[in-house]
Every structure is written in C-alpha cells, then in structure tokens.
Amino acid sequence: MKIDRLPGFREFYPDECALRNHLFRTLRKVARNFSFQEYDAPVLEPLDLYIEKSGPEIVGQLFNFEDKGGRSVSLRPEMTPSLARMVGSQAGSMRRPIKWFSIGEQFRYERMQKGRLRSFYQFNADVLGEEGVGADAELVTLLIACLQGLGLNESHFHVRLSDRNLWYLFLESKRFTENQISGILGVVDKSERMSPEKLRAALCGIIDSSKVDSLLENICEIKALDELDKVRDYFSEFRDSEAIQKRLENWGSLFDSLEAMGVLPFISVDLSIVRGLAYYTGFVFEAFERSGKSRALAGGGRYDNLVGKLTPGSDMTATGFAIGDVTLVECLKTHELLPKYLDSQDLYVVIGGPQERLTGLGIVGAFRKLGFSVSYSLKDQNLKKQLKDASQRNARLAIIVGSDELDQGMVLIKDMVNRKEVKVSMENLVRSVDAFFTDGKL
RNA sequence: GUGGAUGUAGCUCAGUUGGUUAGAGCAUCGGUUUGUGGUACCGAGGGCCGCGGGUUCGAGUCCCGUCUUCCACCCCA
C-alpha cells in the first residue's frame, strides 16, 4: 500500500536539504555575528500556551490534538510563546539584554497556497529586557544583515517600518476607547486589500458613524507619510500631547541608530503596517520584496506585555522578528541567488582496475582522515565511467590510480575544472593536494 | 471553513469525436571491444492513466464521489 506524506508537510531531498542547510548556516553566522545566542524549545506544547497568548480563535489554525494522557496539545505555530515562557521563568537571574535566536520548524493547520504550507521553518530573533529603541534598532539591523547575508540588497527588498504606539496615541487623542482602537488598527491592517466602501463599512461597525469620515481622512493622511520628516510634521500639531512628542523623539533616535549602522537605505516609513494581532506595542516592521508581489519575507515588532502575560510576575519588555523559509527561498530563486553547487566534493579517487583497488582505497582512507571529502566508485568500472561520475558529482580533483603510474610509485592528479593533469609520487601526493586547496595550483 | 481549477513513467508533457499490447523528451541504468569526464549513437528498465464507483460491447478519454496539488477568499502569530 502506498502511503503519501501528509498534506502541507515537506520532504527534503538532498538538493533541497543542502539548500536548507545553506540558509540555516548563513542565518546562524549572521546571528552570532550580532552576538545573539541560540536556543531551542519543544515542538509540542500545551494548547493553552497558544490560547493564552492569542485567544481561543487561534485554535482553528493550530495543528492540535489530544495526546494519550488526555492532554490538549498543539504543534508549535510559532516560537514566541515558548520563548516568553523560557525567559519568563528565569527572568530574575538572566543578564540583560537577552539576545536570543532560534531556527525551528513550525506548524499551522491551514489551507495551503503559494508561500504558505502546514510546515515551515522560521528564524526567530528577539531582544528581551531592553525597553529603549536600541533594541529595536539592533533587530532591524539584524534582519537586514540576514537578508544581505543571503545575497539580497537594497534593490531587492526593503523594510517597512511603522509604529503601533504612535497609532495608539493618535487614536487616543481622538478619544476612542481601547476596544475601538484595536478594532480600528485591525481595519488599518486590512486597508491595503479592501475597497473604500468596505473600509467605511468596517469602521461604521466600530465607531460612531459621524466620526467615520474624518477618521478615514486621517487614516489616508497617516498612511501617506513615507518619510521621517513627514511623520514629524504631521504629528507636531499634537503639541499638547507629551506622549506623542516623546514618541517622535524615539523615532528620531531610532533613525539615528539605523543611519549609523548603515541600513537607512533599506528603511521605508509606512504606517499602514500595524501587524495582525493586537499584542504589538511599539515599533513594528515587515520586510518585503521591492516588487511588492509576494507576501512578507519577515516581520516583527515590540511586544512589551507578552512575557508578563504568559508568566505572571515576570514582566519583561521584548521585541523580535521572524523570517520564514518558504517565501525567502521563493525570493532567492527569482533573483537567482541560490548557490549553484551545494553538493560537491574535494576528491574523487579513480581506481584503474581490480589490481589497483586496494591501493586506491588506502588513498581514500588517508585523505578522509585528513578531513577531505572523498568519493570513489564502489565497484570496478572503466576510467571513462569513473571520470564521468567524478565530473557529475562535482569533484574538484580526481586522483587517478593506474597500473602504469603505480609501477613507478606515482599517481595522476587531475583538475576537473580545467582538465589539467600532473603526475606526482605517492610520497608527494598529500602535499600536492594540500597545496592545490590552499593556493589553487597543481 | 467557502469557491474555482488540476491529477498520464522520477521530471516536463502528448494521447484525435470513447476503439486493439498507453507515447515522447529529459533523467536513470547498460552498451559503442577493457587508460581519460559534461557532447554523439544504440539499447533497457520504469505507468492499477490519483483512488473508488457508474454509463457503455468497450473508458486515460464521459458522469458522480473522494483524495492530492494549485489559485482566490477567510486568516496570517
């Protein structure tokens, strides 16, 4: 009986696995470069962890079930709740700021479409225990460095930066209630893909209809602010709101940091970004392809209340982001930024015939002990076949162990790229190969 | 969860208005007389035509169901 894999789950054949490892390797390197520490957490968690964070509606998107002990559990749909628990329960004893990252598989029970499967990997980076904009700047910079590390530059992507706190203060100054504010922000989040009539209708359901027109106007104005100076100008009329003025100072300070770090060209001010769920409390950002075609490459923001909510008594400010692998790989593909030879080896030992086989195996073993990646034919084959194999497996050098040369205590080293061949004695073999891999000369 | 499409060798696809043993290219493996590689030529393996029903003398082809994949909504931590 043929048994298919579960819908939305992925198998990684060697090429795809090599690609995945390339991504992870690069992201790890950049994260360490920023002195973030790697952590990991369970793949399976109590269902309540996610309900507590996001509300009961979330269960519809979870890969959840009951285990044999009758516990309601769920595969993790994201890393943040587990992170918040880990940090929260040791909060008192951890040196701050806490700069952590992880790379892990996440699961969501959803209908699949382009860029969205039921299983995917996320790179997560978070800074906890630092409330200043220094943490926000560090994360935005890290996000940009991660994408740059994979070969993307400012012509490929940008980071749209917004501020949920500024929205909140603005709407508060317009005397909307807490509930209305979160409703309005939900509408702002969808406004890009909503017709004006629907937008109006949605707002009518939340606030007094007499206020809808002026609010719609405000929303349009604010969404149009695409530079720091315009944001400053627009909100400078709120002189009486100390909070808004202080917030503008934060903006200035954040931009100064981003400029000093050399990432300002990647930043687009865009207050239409407010991110779906309500727990974000400050700066939020999403990375997009410049073309604007595909879904977000990455997203994140500040969530100062979440740790305390999940671990009462351990309040801790936090900000973080996640990069998903599916959209990222799509993006790298369209820009032809995937490495060509992910699978290759240093050496292929070509064995002339049955008489030379054991000598050849000795050479294979010796080079493997020295740390080279070495391949060879597992059965006797003629030279032609073996060289073809070596070439198709992207071996850099072939070592040809033939009877004629062996009689003189020699072997041939062949550069598989430019087809040059030299004869060296067995004693000099290791030295010659070493030399080739250090200075590229045979 | 709603709606629309899709499904034929490992991959990309042909397959006439239903009609004999279902085809091609690429890939794989073997060979072109046993010491030199991405080319050329020859050959081979490999398909319950997604699965299950139905209509028919006869179904890859038509009908229904189901699953898969894809697209749009919903949602997007």
Side-chain angles (χ1 to χ4, degrees), chain A residues 1-11 13 15 45 49-55 57-63 74-84 106-118 120 122 124 126 186 189-190 192-194 198 273-280 284 286 295-296 298-301 303 306 310 320-324 326-327 341 348 350-356 377 379-407 411-421 423:
Chain A
M1 175 158 63
K2 192 193 172 197
I3 300 177
D4 293 319
R5 69 197 197 300
L6 289 168
F9 283 78
R10 292 191 285 168
E11 293 169 319
Y13 285 77
D15 282 350
E45 292 275 16
L49 181 64
Y50 304 113
I51 294 177
E52 185 65 24
K53 185 210 165 201
S54 310
E57 318 80 51
I58 198 67
V59 178
Q61 341 263 356
L62 293 180
F63 209 106
S74 174
L75 290 170
R76 64 183 179 203
E78 58 167 331
M79 217 52 189
T80 311
S82 308
L83 167 70
Q106 320 290 137
F107 306 88
R108 296 178 189 176
Y109 198 90
E110 293 186 291
R111 267 306 241 292
M112 288 99 63
Q113 49 187 282
K114 196 179 186 68
R116 196 162 74 173
L117 304 167
R118 286 185 176 176
F120 55 95
Q122 270 189 348
N124 273 258
D126 295 86
D189 183 45
K190 291 184 183 103
E192 245 175 312
R193 43 182 192 277
M194 251 178 162
K198 277 195 168 178
I273 301 280
V274 293
R275 312 260 317 142
L277 260 68
Y279 67 86
Y280 284 107
V284 292
E286 294 184 340
R295 60 178 61 234
Y303 52 99
L306 190 65
L310 290 175
F321 72 84
I323 306 176
V326 181
T327 316
Y341 295 117
Y348 190 108
V350 174
I351 297 166
Q355 313 297 327
E356 292 77 37
S377 174
K379 64 180 180 189
D380 291 323
Q381 281 184 310
N382 61 35
L383 287 208
K384 193 174 183 144
K385 280 260 189 287
Q386 293 185 65
L387 280 165
K388 186 176 176 181
D389 195 37
S391 144
Q392 290 191 334
R393 291 179 195 279
N394 303 313
R396 193 63 189 79
L397 289 182
I399 296 174
I400 302 174
V401 186
S403 53
D404 294 353
E405 293 80 10
L406 215 50
D407 289 345
V411 292
L412 295 170
I413 302 177
K414 178 161 191 159
D415 183 330
M416 294 302 286
V417 173
N418 62 26
R419 300 182 175 226
K420 268 186 191 154
E421 202 169 88
K423 197 192 276 190

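Within every chain, numbering begins at 1; the chains are lettered A, B, ... in the order of the sequence lines, protein sequences first and strands thereafter.
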Report task. Would you state whether a donor and an acceptor, one from the side chain of K414(A) and one from the base of rU36(B), lie under 3.5 Å apart? Result -> yes

Query raised in the report: Is a donor-acceptor contact shorter than 3.5 angstrom present between the side chain of R295(A) and the base of rC76(B)?
Result: yes

Requested in this report: Please evaluate the base of rU36(B) for a donor-acceptor partner in the side chain of Q386(A) within a cut-off of under 3.5 Å?
Outcome: no

Query raised in the report: Considering only heavy atoms and no angle criterion, is a donor-acceptor pair shorter than 3.5 Å present between the side chain of R116(A) and the base of rC75(B)?
Result: yes

Query - No-H, no-angle donor-acceptor pair, R419(A) side chain to rG38(B) base, under 3.5 Å - result: yes

Report summary line: N394(A) CG to rG38(B) C1', in whole Å, measures 10 Å

Query raised in the report: Does R118(A) use its side chain to pair, donor to acceptor, with the backbone of E110(A) at less than 3.5 Å?
Result: yes

Query raised in the report: Could you state the OH-P distance from Y13(A) to rU28(B), rounded to the nearest angstrom?
Result: 16 Å

Report summary line: When rounded to whole Å, the CZ to P distance for the pair R108(A) and rC76(B) reads 11 Å

Query raised in the report: Is it true that the side chains of E45(A) and S82(A) contain a donor and an acceptor less than 3.5 Å apart?
Result: yes

Query raised in the report: Among rG35(B), rA77(B), rG3(B), which is the nearest nucleotide to the side chain of R275(A)?
Result: rA77(B)

Requested in this report: Would you mind telling me which of rG37(B), rC70(B), rA77(B) lies closest to the side-chain atoms of M112(A)?
Outcome: rC70(B)

Query raised in the report: Tell me: CD of E11(A) to P of rU68(B), nearest whole Å?
Result: 15 Å

Requested in this report: Looking only at side-chain atoms of E78(A), point me to the closest of rA77(B), rG37(B), rU28(B).
Outcome: rA77(B)

Report summary line: To the nearest angstrom, the CD1-P distance between I58(A) and rC76(B) comes to 8 Å

Query raised in the report: Would you say a side-chain N or O of K190(A) is under 4.0 Å from OP1 or OP2 of rC75(B)?
Result: yes

Query raised in the report: Within less than 4.0 Å of OP1 or OP2 of rG30(B), is there a side-chain N or O belonging to K379(A)?
Result: yes

Report summary line: Of rG35(B), rA77(B), rC74(B), the nucleotide closest to the side chain of Q113(A) is rC74(B)

Requested in this report: Please determine which of F120(A), F9(A), F107(A) meets the ring-ring contact (aromatic ring centres under 6.0 Å, His included) test together with F63(A).
Outcome: F9(A)

Query - Between P of rG35(B) and CD of E405(A), the distance in whole Å - result: 12 Å

Query raised in the report: Between rG31(B), rG35(B), rA77(B), which one does the side chain of K385(A) approach most closely?
Result: rG31(B)

Query - Touch class at under 4.0 angstrom, heavy-atom based, for Y50(A) against every strand present - result: nothing

**Report entry** Strand RNA chain B in bracket notation, Watson-Crick/G-U under 3.5 Å with | for pairs to another chain
**Finding:** (((((.(..((((.....[...)))).(((((.......))))).....(((((..]....)))))).)))))....

Query raised in the report: In terms of side-chain heavy atoms of R111(A), which of rG35(B), rA77(B), rG3(B) is nearest?
Result: rG3(B)

